[in-house]
There are 2 protein chains.
Amino acid sequence: MSSSAQKHDVFQAIADPTRREVLRLLAEKERPISEITAHFPMSRTAIAKHLQVLSEAELVHGQKVGREKIYRLQPEPLTELKQWLSFYEKFWENKLSILKHIVENSEDRRLQVIKSEETDKN
Amino acid sequence: MSSSAQKHDVFQAIADPTRREVLRLLAEKERPISEITAHFPMSRTAIAKHLQVLSEAELVHGQKVGREKIYRLQPEPLTELKQWLSFYEKFWENKLSILKHIVENSEDRRLQVIKSEETDKN
DNA sequence: AGTATATAAAACCATTTGGTTTCATGTCAA
DNA sequence: TTGACATGAAACCAAATGGTTTTATATACT
């Protein structure tokens, strides 16, 4: 892990499952490093580095309070992700509408089958 | 870069800027590897590996046609990302609504300033 | 048939990543 | 003031990542 600021963007920051879990914990409430660490099977140092990556991406912000450093969520950079995603939504929505069409068609066919079976019975 | 299938998820796949650009190119239309490569300052082999990562994440699919391998976008896995994001939307929307409130207030104040300036002129 | 094109596969490499351990420092509490 | 607690900082490490070059193979073209 490194540090030389301005290096990590949102996409990289959320790529790691541990960091995503950290975000989830901070979504609940702000927490000091040690409390966050308690939720993971790794060292405090490792978590501190993850927090630094998240901090570079400005997804969290840490403030020293007494001997603790309290981190809180800063979700704003996620808007960049949302923007990126919105470009692709039309594609999968198209696909879904095609799928919907297929489902509707097959549903029609199934109904026809049922209908013909009913006719067979009679 | 590695390959042993099932390893890369969507979050990792989109973490790399080159791969995001590849996705964008494939969003326009399906393309063979060589055509994709032409858009980047790196070797075809490098691009092929990026395509493999995207493929593992099921964001693209490649089909051999003659001597070419044509890749096309498969945006469906992005729904996972969207779901993940939706959890955080409420947080930044809260923040934005606070911001909106501030902006509206400052807007009011600005208008009051303009108003008073107008009054000054008169 | 012979050559050019498109990709695949493998070996290699430097840097980054995600972790560790160790040691130092600041703060709280008795 | 003396520990105990919370963090910071540095050195270290293995594995993953993002690239390269080289070699091989299948297909298309003339």
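Sequence lines set the chain letters: A, B, ... in the order given, protein chains first and strands last, and positions in each chain run from 1. Just so we're clear, the structure is a prediction, and the values are computed from it rather than from any experiment. The analysis underlying the following values was restricted to heavy atoms, covering all of them including side chains, and did not include hydrogens, waters or symmetry mates.
- Going from atom CD of B/Q63 over to atom P of C/dT7 covers 13 Å, rounded to whole Å.
- B/E35 meets the side-chain hydrogen bond (donor to acceptor under 3.5 Å, both in side chains) test with B/R31; sequence neighbours excluded.
- Among all heavy-atom pairs drawn from B/A13 and B/V53, the shortest one is CA-CG1, 4.3 Å.
- Taking atom CZ on A/F11 and atom P on D/dT17, their separation rounds to 18 Å, with Å as the unit.
- When the side-chain nitrogen and oxygen atoms of B/H8 are compared with OP1 and OP2 of D/dT17, one or more of them lie within a distance under 4.0 Å.
- Distances from the side chain of A/D16 to the nucleotides D/dT17, C/dG18, D/dT20 place C/dG18 closest.
- B/A15 and A/F11 make their closest contact through CB-O, 3.8 Å (heavy atoms, listed as atom of the first residue, atom of the second, distance).
- Minimum atom distance to the side chain of A/A46 is reached by C/dG19, of the listed C/dG19, C/dA10, D/dT17.
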Between the protein and nucleotides 4-7 of chain D, which nitrogen or oxygen pairs are less than 3.5 angstrom apart?
unit_1: D/dC5; atom_1: O2; unit_2: A/R67; atom_2: NH1; d: 3.3
unit_1: D/dT7; atom_1: OP1; unit_2: A/I33; atom_2: N; d: 3.1
unit_1: D/dT7; atom_1: OP1; unit_2: A/K69; atom_2: N; d: 3.1
unit_1: D/dT7; atom_1: OP2; unit_2: A/S34; atom_2: N; d: 2.7
unit_1: D/dT7; atom_1: OP2; unit_2: A/S34; atom_2: OG; d: 3.0

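- Across the protein-nucleic acid pair, A/K49 atom NZ and D/dA9 atom C1' stand 10 Å apart, rounded to whole Å.
- In this structure, CE of B/M42 is placed 13 Å from P of D/dT21, rounded to the nearest angstrom.
- For the pair B/E21 CD and D/dG18 P, the computed distance is 16 Å after rounding to whole Å.
- Applying the 4.0 Å criterion to OP1 and OP2 of C/dT17, one finds that A/H50 has every side-chain N and O outside that range.
- We find that CD of A/E56 is positioned 12 Å from P of C/dG18, with the value rounded to whole Å.
- Close to C/dA8, at under 4.0 Å from its OP1 or OP2, lies no side-chain N or O of B/Q52.
- Residues satisfying the side-chain hydrogen bond (donor to acceptor under 3.5 Å, both in side chains) test with B/E30, not counting sequence neighbours, are none.
- A salt bridge is absent between A/D16 and A/K49; no separation between the charged side-chain nitrogens and carboxylate oxygens falls under 4.0 Å.
- A heavy-atom distance below 4.5 Å is not found between the side chains of A/I47 and A/Y71.
- Taking only side-chain nitrogens and oxygens, A/Q12 never comes nearer than 4.0 Å to OP1 or OP2 of C/dT16.
- In this structure, B/I47 places its CD1 atom 12 Å from P of C/dT7, rounding to the nearest Å.
- Atom-to-atom, CZ of B/R31 to P of C/dA6 comes out at 15 Å; the value is rounded to the nearest Å.
- Within 6.0 Å of atom CD in B/E28, more than 12 heavy atoms from other residues, nucleotides or ligands are found, so the atom counts as buried in its surroundings.
- For A/T45, the side-chain atoms get nearest to C/dT20 when compared with the rest of C/dA11, C/dT17, C/dT20.
- Nucleotides of DNA chain C nearest to A/V65 and A/S43 differ in position, and the one nearer the 5' end is that of A/S43.
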